[in-house]
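In the text below, chain A, chain B and the rest are named by the order of the sequence lines, each starting its count at 1.
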Number of protein chains: 2
Amino acid sequence: MTIASAPKKRTRIQAQNEAKIIRAALDVFSTHGYRGSTVDQIADTAGMSKANVLYYFNKKQDIYGAVLARTLDVWLDPLDEMNPDGNPIDELWQYAQRKLQMSREAPRASRLFANEILQGAPVIRSFLHHELKELVHRKCQVMQGWINDGKLAPVTPLHVLFLIWSATQHYADFDPQIQALHDADDNTLYHDAERTLKTILTRGLAP
Amino acid sequence: MTIASAPKKRTRIQAQNEAKIIRAALDVFSTHGYRGSTVDQIADTAGMSKANVLYYFNKKQDIYGAVLARTLDVWLDPLDEMNPDGNPIDELWQYAQRKLQMSREAPRASRLFANEILQGAPVIRSFLHHELKELVHRKCQVMQGWINDGKLAPVTPLHVLFLIWSATQHYADFDPQIQALHDADDNTLYHDAERTLKTILTRGLAP
DNA sequence: GTCTATAGAATGATAGAC
DNA sequence: GTCTATCATTCTATAGAC
């Protein structure tokens, strides 16, 4: 699952510098969005000159495309791991758990996509409509099977995915709001988030 | 609840033009974020010249601040309506329902805040830390009371709010992804979203 | 491969006529 | 209040020396 073709053969120094630029670009694009980021910022973060950055990637757009492509693969991976033969509630909860963990460990990846989609998904639009739609459709059929077998509450599978995505990515994407609202002196943020999400997914809010 | 002082006295034409600019600016800022928007775009959308827009608001930042301030009030309103004496599950579900309806009817307001927070909340940071924190703290105490009385599952109130916010605003903020994944020929998007969210909040995914 | 210098375009903001 | 013209800055991208 990718939106770009495989990388061409490179010398060692090329690969290293490209990787350094990609890392810096993830930092910058995820925080400021495409338009809000400058090649200068990326160069500074990577510890290179602007001209040198543009030697490896001809255009700002090319850097952005490369970062999106590299991040996309890993970001969507866990969805594929949902096991049709497992216990439905367990499988969904484990998926949610993995997504929450990813929001915690790779918040920049989450924010990169959030920025991209929020601003109309100009670059990954085709990917969403084809590769992602295909994958999601398969997983929704699995979930619909569980519902038909009476192993899952009568919900709309697609919207269960939306809820899991939104509830978990929220902790990365809305971090400034979360930091503002939760007591700075308690270290239980993700622990409480996990417990509450598990409770709601498995049994709802009823006492 | 506001982040700006009350408007000063204005002539009729001033008020009309300022309103026209604010409407156009909500369009533009919510789609492209602060840095991604230009005064020219706002002027075009408002049907005015750039110079004339800057006659009413001296700086681009001033337009942005005005849009945020006007939108903030209405956006947070329903949280205040949660009734401590009502049935806990009903109150929370009704709040979620109102939020979902707002995502549908005012998606640009949702995206405006999403852009602002995603990029570090530079303008509303202080608002989040004071006014919003105070309001949320009050509501969380109400919910904690419900839990202590055994009327609500043992969850962390703050994270229940996060889940309701994220799950509902997702339909506005991630619209391009949602449009890509749901069958274009079915008109039941918000209906299914509401049903699924209600099911999960009230009884979870268990069959 | 990396640097300095700079061209060329976009953008925020102002001046001044009407 | 509104317009045209323009300045000043920022930014992408390229040229050319080393």
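- Less than 6.0 angstrom separates the ring centroid of B:His159 from the ring centroid of A:Tyr171.
- Of the inter-residue distances, the one linking A:Thr196 atom OG1 with A:Leu201 atom CG reads 11.0 Å to the nearest 0.5 angstrom.
- Side-chain contact between A:Leu128 and B:Leu181: absent, with no pair of heavy atoms (C-beta onward) separated by less than 4.5 Å.
- Contacts between residues 38-64 of chain B and DNA chain D, defined by a heavy-atom separation below 4.0 Å, involve B:Ser49, B:Ala51, B:Asn52, B:Tyr55, B:Tyr56, listed by number.
- Phosphate contact (OP1/OP2 of C:dT11, side-chain N/O of A:Arg35, threshold under 4.0 Å): present.
- Using cut-offs of 30° and 60° for the angle between ring planes, the A:Phe29 and A:Tyr64 rings count as perpendicular.
- Side-chain atoms of A:Gln179 and A:Asp175 form a donor-acceptor pair, as typed in the model, at a separation below 3.5 Å.
- Note on A:Thr11: a side-chain N or O is less than 4.0 Å away from OP1 or OP2 of C:dG1.
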